[in-house]
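So the structure is just underneath, and the comments pick up after that.
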Amino acid sequence: MKKVFALVDCNNFYASCERLFRPELNGKPVVVLSNNDGCIVARSNEAKALGIPMGAPLFKFKDLIARHKAHVFSSNYALYGDLSHRVMDVLRQMEPEVEVYSIDEAFISLPVTKVWDRVKYAAEMRERVRKHVGIPVSIGIATTKTLAKIANRVAKKHAQFKGVFDLVDTSQIDQVLEKIEVNDVWGIGRRSTEKLNSRGILTALDLKRADSTWIRKQLTVVGARTVMELNGISCISLENAPACPKSIMTSRSFGHPVTDIEDLREAVITFVSIAAAKLRKQAVEAAALNLFISTGPFDEQSQYSNNQTMTLHQPTSSTPELISAALLGLKSLYRPGYRYRKAGVMLTGIVQQGYSRQLDLFSSAQQEVKEDKELMTALDRINSKWGRSTIQYGMTTAEEKPWLMQQTRKSPAYTTNWQELPMVKATAL
DNA sequence: TCTGGGGTCCTAGGACCC
DNA sequence: TCTGGGGTCCTAGGACCC
């Protein structure tokens, strides 16, 4: 049966999450910051209207924010992740084929029906999410993912469509594409836009009609695919089941510059522990670990950045094993005298847990692996119940931890921590 | 003073092999 | 004097996405 794509996208997701528990902020400007309270990564419509751009560093807009009394939040991923799951659950209750594309977006495969039925159904979907979770979403429908993205944009931008726009009808596609700038097309970023503009390709419609040989040469097969999708030929399919990840990364900028190797050591141990827990959560193991440390990109005094890959004995998800590999790397990467601002660990060579485990000749393998697994299971259980840092490896009790993130305006974990549940005040009548 | 984090895919070029 | 060619694998870097 022929199917069409619906793209469900949460409106100003992080800002909407924050407002859900602070309804008095509805209609007011709200911004949410990146880690370390560095950049603005989400804005309510009111904040967008003030001219605050996406990704802008906070310090450049402090005045504007103060002047308009915009509300500022540190990012609270425990909250956003939980609300995201709830939204996706509602979608799955209505349709079986859901691809969770990002924390705030999902592609859904819908059967082809009459336009009117489709729009009505999507509107119902939208209303259910609003009612059951409280997050507003927009829905775009089309024959390819790239066109569904564009339809979603229209749904979000023009209030008269009430959050749902259907672009399956081919006769109106060109009219819509004509009004979309080429850099707003999914897959066309800054560099491609420069190339396209210099050739006079300014709108999505221009791109749709562009010469395919030239596109293939300048934008590779990726760009060629985008052009096909604009022409209604579906090249990017729905990925229903989550695939095995190719890499898993944990990295952070530090709250303050770090010079001491002992502080770096703690940071690295922490990041490896988080990454290892991610492995176990997805039931996979890593065959290699890449560690990197670097000074800040805005440090004018001196720059240093380096990385090293350690190959593990065999694929593993054991925190202590990964930590010892990482610390070996740190020893050879560290140079004294620099102000480090960031470190991170990337796990690669990911395989399914226990898949093709070679018997290790150099240790009494089986028994050790088993004990380690049980230990990790216990650790994960405790940390998921009592919080990520309840049991940690190799931490000092130092009060000053310069590498820790700055997060001065974080909202409570309303939905994932018993200690931080929202309270309802009962007033006597 | 203050500038995020976590991914994917593609290509070019080098090493190596036969 | 004349000094192949094709395939594979790996890595680094670019571009893009949210």
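Sequence lines set the chain letters: A, B, ... in the order given, protein chains first and strands last, and positions in each chain run from 1.
Where DNA chain B meets chain A (any atom under 4.0 Å from a heavy atom), the bounding nucleotides read 5' to 3' are B/dC2 to B/dT11.
Taking every heavy atom of residues 93-110 of chain A and every atom of DNA chain C, pairs under 4.0 Å involve A/Tyr101, A/Ser102, A/Asp104, A/Glu105, by number. Only A/Val185, A/Trp186, A/Gly187, A/Ile188, A/Gly189, A/Arg190, A/Arg191, A/Ser192, listed by number, bring a heavy atom of residues 181-204 of chain A to less than 4.0 angstrom from any atom of DNA chain C. Using a 4.0 Å cutoff on non-hydrogen atoms, no part of residues 77-92 of chain A comes near DNA chain B. Remark: nothing in residues 240-256 of chain A comes within less than 4.0 Å of DNA chain C through any heavy atom. Taking every heavy atom of residues 205-227 of chain A and every atom of DNA chain B, pairs under 4.0 Å involve A/Arg216, A/Thr220, A/Val221, A/Val222, A/Arg225, by number.
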Under 3.5 Å donor-acceptor pairs involving side-chain atoms of residues 187-200 of chain A, not counting sequence neighbours:
unit_1, atom_1, unit_2, atom_2, d
A/Thr193, OG1, A/Gly189, O, 2.6
A/Lys195, NZ, A/Gln218, O, 3.2
A/Ser198, OG, A/Lys195, O, 2.7

All N/O donor-acceptor pairs, side-chain side in residues 231-249 of chain A, below 3.5 Å, sequence neighbours left out:
unit_1, atom_1, unit_2, atom_2, d
A/Asn231, ND2, A/Lys208, O, 3.0
A/Asn231, ND2, A/Val227, O, 2.9

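Residues in residues 91-100 of chain A take part in these side-chain hydrogen bond (donor to acceptor under 3.5 Å, both in side chains) pairs, two or more places apart or across chains: A/Lys3-A/Glu97, A/Asp89-A/Arg92, A/Glu95-A/Tyr121, A/Glu99-A/Lys145.
Taking A/Phe5 as the reference, nothing meets the ring pair (Phe, Tyr, Trp, His ring centres under 6.0 Å) condition, with sequence neighbours excluded. A/Pro422 meets the side chain to side chain contact (heavy atoms under 4.5 Å, CB included) test with A/Phe21, A/Tyr414; sequence neighbours excluded.
Salt bridge annotation for A/Arg128-A/Glu124: present, with a cationic side-chain nitrogen under 4.0 angstrom from a carboxylate oxygen.
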Which dot-bracket string fits DNA chain B when only Watson-Crick or G-U wobble pairs with both atom distances under 3.5 Å count, crossing pairs get [ ], and | stands for a partner on a different strand?
-> ....||||||||||||||
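Summary of the strand contacts: A/Lys342 and A/Lys62 both lie near DNA chain B, and taking for each the nucleotide with the nearest heavy atom, the more 5' one is attributed to A/Lys62.
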